[in-house]
Amino acid sequence: MDSLPPMSVLTCVAQSQSQMSPTGPNGAKDNLNVHDLELMMQWCTKTYRSISHNSNVESIWQTVIPREATQHPALMHSILALSALHLASSTGGSMHERYMKTAKSHRDLALLGFKETSKNPDQSNCDAAFALCSLMTISSLAFPLIAEQSQANTALDDLCQAFQVARNSMNVLAQITDQVSGGELKPLLGKDESGPKMPDTSRLAIMSLSMTNSRLASRNPNHEREMFEATIRQLGESLEQLAQGREASIVAFQWMYHIPQRFIDLLHERHPFALAILAHYAVVLHFMRSHWWMGEWGARVIQQIGRLLDSQWRQSINWVLDATGCYIAPT
């Protein structure tokens, strides 16, 4: 789909200026300015397309959701935050710093609105809440990546933080899916299997993880076998969906939502088996590396895990290295 003609972009922004008057923490109105105009034009011409998983839904992200945002300030701030991040991803120096500062300002206001929206999602705000949750999840991945904070030694912690944002967002989505399915955003809920397919080589890797889980349980009565098995099973389903051509971002976000909280806790503790499982999930992230908001997340996570695992455990991620081409220097 071609970009909106200039007049349509300006009309969209003019509506935003006239209808949106978000209120900040001190009660002051935060009207759009010339910088926000730039960000809205960025959204309507480029950024919307970068998050649309196929051409059939591009028009929704390009026109329907910005129109919805004129009535819901939190969604507007989320749109502007992601547009600023998109611009920051392709600039450097003082311009990069300016866009990052702008993105953070809009993200903070969007987060305040998200907290309010998530308390009482209903028919009047379900479409805005759906779009807001989606954009907040993407932003949680883009921020540390574009801010260049997610270096090799912090990638795991940054990713776990993104997991929490995704889980909070998808908890809200679960409450409003039925309502959204009856409105203009219904196409966003459709099952899409037209995307590029990842080679179906993961089944043996999943079997190997399950066998390792059984072996660890036989050696240690305190090993949390059922929790790990549920995580591995969900991972196997995710990799299988990718092999079938399912939209990768949907697959990635669903896994974030379905994994047990205990698994995330063990990642923070650097539990070796949890790290090995996460390395397999990072193959999904690596598959999405062409998205500007995903980039090298997969490689960074795999490399940090490789450095944390000892030589014996590192053998458990051989499939991961083969599937991604990532290299981990021997210790």
Can you tell me how the ring of W319 sits relative to the ring of H280, calling it parallel under 30°, perpendicular over 60° and tilted otherwise?
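Correct class here is parallel.
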Ignoring hydrogens, what is the shortest heavy-atom contact between A276 and S316? Give both atom names and the distance.
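Minimum heavy-atom separation between A276 and S316: CB-OG, 3.5 Å.
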All salt bridge (Lys or Arg N to Asp or Glu O under 4.0 Å) counterparts of E184, not counting sequence neighbours
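Checked E184 against salt bridge (Lys or Arg N to Asp or Glu O under 4.0 Å); matches are R67.
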For H35, check ring pair (Phe, Tyr, Trp, His ring centres under 6.0 Å) against everything at least two apart and list the hits.
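Per chain and number, H35 pairs via ring pair (Phe, Tyr, Trp, His ring centres under 6.0 Å) with no residue.
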List in chain and number order the residues that pass ring pair (Phe, Tyr, Trp, His ring centres under 6.0 Å) with H271, two or more places apart in sequence or in another chain; answer none if no residue qualifies.
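Once residues adjacent in sequence are excluded, the partners of H271 under the ring pair (Phe, Tyr, Trp, His ring centres under 6.0 Å) criterion are F228.
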Under the 3.5 angstrom rule, does the side chain of [X] hit a backbone N or O of [Y] as a donor-acceptor pair?
X    : Y    : value
W293 : L82  : no
R289 : M294 : no
R300 : T154 : no
R219 : L216 : no

Can you pull out every salt bridge (charged side-chain N to carboxylate O under 4.0 Å, His left out) where at least one residue sits in residues 88-101? Sequence neighbours excluded, please.
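Applying salt bridge (charged side-chain N to carboxylate O under 4.0 Å, His left out) to every pair that reaches into residues 88-101, excluding sequence neighbours, yields E38-R98.
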Pick one: which of V64, I60, L132, L185 meets side-chain contact (heavy atoms from CB on, under 4.5 Å) with D127?
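Answer after filtering V64, I60, L132, L185: L185.
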With a cut-off of 3.5 Å and sequence neighbours excluded, list every side-chain donor-acceptor pair involving residues 135-147.
| unit_1 | atom_1 | unit_2 | atom_2 | d |
| --- | --- | --- | --- | --- |
| T137 | OG1 | C133 | O | 3.0 |
| S139 | OG | L135 | O | 3.0 |
| S140 | OG | T137 | O | 2.6 |

Enumerate the side-chain hydrogen bond (donor to acceptor under 3.5 Å, both in side chains) contacts for residues 321-330, please, sequence neighbours excluded, ordered by first and then second residue.
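Pairs touching residues 321-330 that pass the test: none.
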OG-NE2 distance between S78 and H106, expressed to the nearest 0.5 angstrom
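Atom-to-atom, S78:OG and H106:NE2 are 11.0 Å apart.
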